[in-house]
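Side chains included, hydrogens not; waters and symmetry mates left out as well; all remaining heavy atoms used.
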Amino acid sequence: MAVSEISRCSYHVFLSFRGEDTRKSFTDHLYTALVHLGIQTFRDDEEIERGNNIKDEIEKAILHHSKISIVVFSKNYAASTWCLNELVMILEHKKSSKHIVLPVFYDMDPSQVKNQTGSYAEAFTQHEQNLESETIMVQRWRNALKEVADIGGMVLQDRHESQFIQDIVKEVQNKLHLISLYVPPYLVGIDPLMTKINQWLEHDEANKVGIATICGIGGIGKTTIAKVVYNQNIPRFESFSFLVHVRETSQDCNGLVRLQRQLISDILKGKSHKIYNIDNGINKIKEIVCCRRVLLVLDDVDELEKIRKLMGTQIPFHPGSKIIITSRNRCLLNAHFISQMFDLEASTSCGGLSKLFEVKELTSNESMQLFNWYAFGHNSVPESSMAYARSLVKHCGGLPLALQVLGSSLSSKSVSSWKSALEKLEEIPDSKIQEILRISYDSLEDDHDKNLFLDIVCLFIGKDRDYTTTILDGCDYYTTIGIENLVGRSLLIINEKNKLMMHQMIRDMGREIIRQESSDIGRRSRLWHKNAFDVIREKIGSRTVKCLTIDLKGLLEDKAKRTNTTLHFPKHSKSQFLMANDVDMETQAFAKMQRLKLLQLDYVRLKGDFKDFPKRLRWLRWHGFCMQSFPVDFDINELVVLDMRNSKLKQVWKDTECLPNLKILNLNHSHSLLKTPSFSGLPSLEKLMLKDCINLVEVDQSIGELKMLTFLNLKDCTKLILSGCSRLDDVPRELHNMKSLKVLNLDETSICQTRLGLHWLLPKRSKELGFSWASLPCSLVKLNLESCKLSDDVMPNDLYNLASLKSLNLSRNPIRYLPESIKKLTKLDELLLTSCTELQKIPKLPVLPNVFEFLTVSPFKGYWAILPCFFSSTRCVIFGCEKLTEVEDLFKLEPIENFEAEEIRRLFNVDSIKRNRLQLYSYLTDSIMLATPQVLQECGITSTFVIGSEVPIVFKHRTNEHRISFSLPTPSHPDEKIHRFSLCIVFSLASDQILEFLPSVHIFNETKRIMQRYRSSFMGIPETNDNTMLWLIHWPVTDCEFEGGDLVSCMVVPIHLSIRKFGVTYESQHNVRNKYGFSHLSTGDEVATRNMMMDLTKDLLSLESYGNVKVQLCSYIEESKVVASPQVLYDYGIITTFDPLPFDYNGHYFGHQAGKTEVSISVPPNSSRKISCFLNSIIIFSAKNDKTYGFLPCLEIVNETKGTQWTYSKHFMGIPETKNTLYWTTCWNFRGDELEAGDRISLRVLSNLSVLEFGIDLVYDYELDGNPNFFSQLPWMSKCFTYLFGTFVLISSQSQKNLYRLQSLVKC
């Protein structure tokens, strides 16, 4: 902090301490505790430059503006002349004012300070030697220490640090007479959220009224955070009030009136008013909030109606007032309520200021810190308790309340007590924690949502949302709205994979509710695991049981772990798993459970008949079912889902079963299954799974009657041979009738081996034209034929009928060509051809070929990038296609023998080319070929690699560097234009990682500010690092881009290459037009949405480096710094990069702001053909100090018109060096109506780095028309966009390549 800034501040407390002793430990904890209570505290963070006038500056800026000085005496305090001079100033200031001094003896006895013994004696001996001429000053120091020791202060002694800090804070509060709310002395993990809330309070315009919700599950710390925010911000407001326990108090008699009285009293600074009823209170509140800026916190609100009853509607809050609500209901606030709450004038200023701040669980490290503080009083764990502490912390799942309660309860307890407590917790949750968590459950509006919650707790955590909805809808639930209600109450989470997730403590709370239904486990409504086992074994079940789940394999494995015995159950094991002899279960145990609807019996073997078995089952999961067919007397007529994975079934049922409600039938991994059941009695079946049914040889022809079927999986059915086999007389020919079928997985089957392969799909075949797939269901969206031994004579010629197909997987098949009809699949956005080792040519794809070639033109400058990569509307993966030499309209590779000498001379300016065999690596297929030189044609550029070491003399400009600049001569004729460049690059290997990154070549017209960039899809590989190779490039240009007098620079970006020599020449012609028209920009076909999908695990971040400039990078995951090349980070569909190299962005960012942390713009009008929107940002940072780990840097985008918000926290952050700048660029992709014309959007950056400049712009992604220059006409294009989008292409290709290599290793 600069001195000029300090002098304008006012502090309650000034901290004096020895930095090397306590800066990062005790003093930091004390500082945090003071600040969280709203006590303005100054500590010297070495931000003040120490100079000759520091005494005057400190006295002026600190001592005259602080009320209390806390002096922390530690072992080395007296060794610092700075600390001693500061102490002298503090005591002198005390004598002349009411300044309070509070000595804190951290690890020192006051007598040691007073008499200067121990380390203090050693320090003064050193001072007297070093300052022989300053004896008066040394004596002043001694006198100051004696004086301050006599004042009497706080001594640590044998207390825990946490209690010591709490006592100091209370003493400060008493001395300052501050009115602040109590918060725990040690808080962790709240700083990032605190910063966001404080910025919302501080930075919004003064005339705006704002309302925010702090939401999260019970015990997550909502109230604590609200108190800290309140304490820190009350000086900013004229009046303030914190109403605690609104939900609970409002339920009491006259509770709302009491809350109104407190609110009025707080706002009027203690003046009391008589309130006779609620209406009288509402009128008084409206009267007093209209004339002052108010900070109002309403704690624990569960219903909006309580706010209406407390304050009414159309409340005339004074401009600048802020309302904060804490709630478990994240959907509490809505636009209708906000419009009701504020009057018309205030409502207009409130638009877009409704905020939602969600409190997340603590990380494992933060959890351990908090637990240690309450259990041990410091952040360290005795070795004897370490294992139990880790287990307890894991059990708490990052919930602060649980960590506090359990840590406090185990403080000073023995190790055996810790062990016993952990064992108890696994069976019976802590009652204090459960009492808090249960509030959310009790707040559910009806029994429907409560029962739904309990069913999910027992059975469906971790299950797919749609799968669960199918089952529970069949149990007479209104599942969709019910799940929304549970999510709104923070009882349930839907993760990014559409799975139902729940905090462990919430799950335990739900199970405890069930446990408390009855002391007799047989009379509880839901049973799981060991309780379910005991009820079946002892036959004590009753009519109250609605749900029962048991996984016998899991129980035995868990028991083995507890007894240190290892059990091994191979994946999909059946025969290896045998129940112990003492496990005796009978069907009769279920006779009384007639209300049972949800049943899981994994690996349970039952004896007896099924005539008395429950008849109302809706969900039956029985993995490892040991019978060869379903018992005839087993009544399953009401089933909705039947899951029989890993069963021993040979046939599912002997006769036709009528199951009118069955929607999902899962028989995966049933290795004994020989034939499918008849499907004629399953009219509602939507999903049929037969994966890994390795002995399945017959699919019943009634499958064609399944009008509702949307998913069919036959993967790994290796014996399903559908031709040349006499056993297959009944192969179903009616599959084509399944008009709802969307997904068909036939991968790793042998059904396509011959021309007769798919006759079961077809009414007839044509021997002349190969077989036709015309009868495949036209509804198919995804077709998987991987590893089906497809050959050219089996490949169809007519795929046009599959108009809905979006994904086609033909990987690992020996095909050489793809049919031309593939271009008719206009909706195809994924074509997988991995390891098609015989594939030679790919025809033109239905949309833009997979090449990123982009032309942007603004009124100021142009940018032309040519980047051959498979990336566009169709994601095409061709790794491992070793013989692929042509992708139509993308590239073509031909042997040099196919070219005449004259043509070679014209293309490459060389008389002849040696025809030695060389290695050529393809980035697209990730394969190496050994052949004579090949001529590569791609994107209108022709190139080749040959063995050589010299640049031919005909090249006009030559250098030994990787960059060369020259001016083009004035033409002899006015129509003479440059029409092509020829480049010759002599290179050798500088690294073995050449196969990982694409080197690139750039041509800059520095006069016209035009850049062209070329990355070849292929790269020649010299035999050794000492051998050289020539890279010859024939590069046509249009006749308006390069003219006489232009300054031109050519550059090679030599990633992992060593550039030995570099030559450039050029040719001009009269009135020559470029014949390379980049035809792939003009498709003539309708273009679907451009798809930037990457199959990445969203929980992980991936890094790819580029360039050769170094930048510091801070990892918030590992809390470490690294120095590396600028890094590209991609996660959650957002790409970012940190780069120290500036690039020209002015003129592109119409939302540009200097020195701001927030930019707002309105989305401009756009063409009706707009199909998605990219929002690009650039933030220019500088470093305030070396403290980079304060909190995760965060970007927040708000659509103020629609009230939607996106927040993105980076786990990695670039760190600029001192006085340098760093560019943080991001690219966000929005789809559909997320951003529309007229929407008001704002982007805010939250970081503890200084923001120098900040800007955003929008780029629309259009469907193309037939105009080949269409891209040049698009509005809102930016250099940042092309920079980021090209980077995204590279890292997408690299991630797919790494996945391909990993899969190849696995298959080996």
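Among residues two or more places apart in sequence or in another chain, the salt bridge (charged side-chain N to carboxylate O under 4.0 Å, His left out) test is passed with Arg330 by Glu358. For Asp520, the salt bridge (charged side-chain N to carboxylate O under 4.0 Å, His left out) criterion is met by Arg523, not counting sequence neighbours. When the ring pair (Phe, Tyr, Trp, His ring centres under 6.0 Å) test is applied to Trp622, the partners found at least two apart in sequence or on another chain are Phe625. For Arg543, there are no side chain to side chain donor-acceptor pair (under 3.5 Å) partners at least two apart in sequence or on another chain. Every residue was checked against the salt bridge (charged side-chain N to carboxylate O under 4.0 Å, His left out) condition with Asp633, not counting sequence neighbours, and none meets it. By the salt bridge (charged side-chain N to carboxylate O under 4.0 Å, His left out) test, Asp602 pairs with Arg621, sequence neighbours left out. Remark: Thr470 engages no residue in a side chain to side chain donor-acceptor pair (under 3.5 Å) (not counting sequence neighbours). Not counting sequence neighbours, the partners of Leu596 by the side-chain contact (heavy atoms from CB on, under 4.5 Å) test are Val545, Leu548, Phe590, Met593, Leu599, Pro614, Leu617. Partners of Gln516 according to the side chain to side chain donor-acceptor pair (under 3.5 Å) rule, which considers only residues two or more places apart in sequence or in another chain, are Glu512.
Without hydrogens or angle criteria, Asn451 side chain to Asp447 main chain gives a donor-acceptor distance under 3.5 Å. Without hydrogens or angle criteria, Ser542 side chain to Gly522 main chain gives a donor-acceptor distance under 3.5 Å. For Ser684 (side chain) and Leu662 (main-chain N/O), no donor-acceptor pair under 3.5 Å exists by modelled atom type. Distance alone, capped at 3.5 Å, is enough to place a donor-acceptor pair between the Gln434 side chain and the Met509 backbone. Although no hydrogens or angles enter the test, the distance criterion places no donor-acceptor pair under 3.5 Å between the side chain of Asn637 and the main chain of Asp635. Within the 3.5 Å criterion, the main-chain N or O of Glu686 finds a donor-acceptor partner in the side chain of Thr710.
Across all non-hydrogen atoms, the minimal contact from Leu491 to Ile506 is O-CG2, 3.7 Å. In plain terms, the two heavy atoms of Asp700 and Thr676 that are nearest each other are N-OG1, 2.8 Å. Listed here is the closest heavy atom pair of Lys546 and Arg595: CE-NH2, 3.7 Å. When all heavy atoms of Thr479 and Asp473 are compared, the pair lying nearest together is OG1-OD1, 2.6 Å. Leu665 approaches Pro677 most closely through the heavy-atom pair CD2-CG, 4.3 Å. Of all heavy-atom pairs spanning Arg515 and Arg524, the tightest one is O-NE, 3.4 Å.
A donor and an acceptor atom, one from each side chain of Ser443 and Asp302, are nowhere located under 3.5 Å apart. Between the side chains of Arg645 and His623, a donor-acceptor pair is found at a separation under 3.5 Å. With hydrogens and angles left out, the side-chain atoms of Arg328 and Ser440 include a donor and acceptor closer than 3.5 Å. Between the side chains of Asp692 and Asn668, not a single donor N or O lies within less than 3.5 Å of an accepting N or O. Donor-acceptor pairing under 3.5 Å is recorded for the side chains of Ser670 and Ser647. If you check the side chains of Ser525 and Glu517, you find a donor sitting under 3.5 Å from an acceptor.
The line from CG of Leu606 to CG of Asp609 is 11.5 Å long, rounded to the nearest 0.5 Å. In this structure, CD1 in Ile550 is found 10.5 Å from CZ in Arg537, a value given to the nearest 0.5 Å. Taken from CD1 in Ile514 to CG in Leu527, the straight-line distance is 9.0 Å, to the nearest 0.5 Å. Rounded to the nearest 0.5 Å, atoms NZ (Lys650) and CG (Leu696) are 14.0 Å apart. To the nearest 0.5 Å, the span separating CG on Leu601 from CD1 on Ile536 amounts to 5.5 Å. Interatomic distance, Leu444 CG to Asp449 CG, rounded to the nearest 0.5 Å: 5.5 Å.
Results of the side-chain hydrogen bond (donor to acceptor under 3.5 Å, both in side chains) test with Thr549 over Arg526, Gln600, His529 single out Gln600 as the only residue that passes.
Leu472 is listed as a side-chain neighbour of Ile456, based on a closest heavy-atom distance under 4.5 Å. Using a 4.5 Å cut-off on side-chain heavy atoms (C-beta onward), Val457 and Met502 make contact. Looking at heavy atoms from C-beta onward, Asp476 lies in side-chain contact with Lys597 at the 4.5 angstrom threshold. Residues Asn713 and Leu690 form no side-chain contact, since every pair of their non-hydrogen atoms from C-beta on lies 4.5 Å or further apart. Side-chain contact check for Trp528 versus Arg511: some heavy-atom pair is nearer than 4.5 Å. Put simply, the side chain of Ile217 does not reach to within 4.5 Å of the side chain of Met505, judged on heavy atoms. Two residues are said to be in side-chain contact when any heavy atoms from C-beta on lie closer than 4.5 Å; Leu555 and Asp551 fail this criterion. With a 4.5 Å cut-off on side-chain heavy atoms, Asn485 and Leu452 do not count as touching.
The environment of NZ in Lys592 is sparse: at most 12 heavy-atom neighbours from other residues, nucleotides or ligands sit within 6.0 Å. Other residues, nucleotides and ligands contribute at most 12 non-hydrogen atoms within 6.0 Å of the NZ atom of Lys394.
Between His669 and His671, the two ring planes are perpendicular [angle over 60°; tilted spans 30° to 60°]. Relative ring orientation between Phe613 and Phe634 is described as perpendicular, the plane-to-plane angle rising above 60° on a 0-90° scale split at 30° and 60°.
Screening residues 690-715 for ring pair (Phe, Tyr, Trp, His ring centres under 6.0 Å) gives no qualifying pairs among residues at least two apart or on separate chains. The ring pair (Phe, Tyr, Trp, His ring centres under 6.0 Å) pairs that include a residue from residues 477-498 are His448-Tyr477, His448-Tyr478, where partners are two or more places apart or lie in different chains.
Contact check on Lys530 versus Asp534 returns a salt bridge, with a Lys/Arg side-chain nitrogen under 4.0 Å from an Asp/Glu carboxylate oxygen. Electrostatic pairing of Lys539 and Glu586 counts as a salt bridge here, judged by a charged N lying under 4.0 Å from a carboxylate O.
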Tell me which donor-acceptor pairs under 3.5 Å the side chains of residues 458-465 have, and how far apart each pair is, sequence neighbours excluded?
residue, atom, partner, partner atom, Å
Lys463, NZ, Leu459, O, 3.4
Asp464, OD2, Asp466, N, 3.0
Asp464, OD2, Tyr467, N, 3.1

Arg616/Glu638 under salt bridge (Lys or Arg N to Asp or Glu O under 4.0 Å): CA gap, chis, key distance, verdict: CA-CA 6 Å; Arg616 300 173 62 184; Glu638 295 189 23; 5.3 Å; no

Residues Lys806, Glu830; criterion salt bridge (Lys or Arg N to Asp or Glu O under 4.0 Å); working and verdict: CA-CA 6 Å; Lys806 291 185 177 181; Glu830 182 179 64; over 6 Å; no

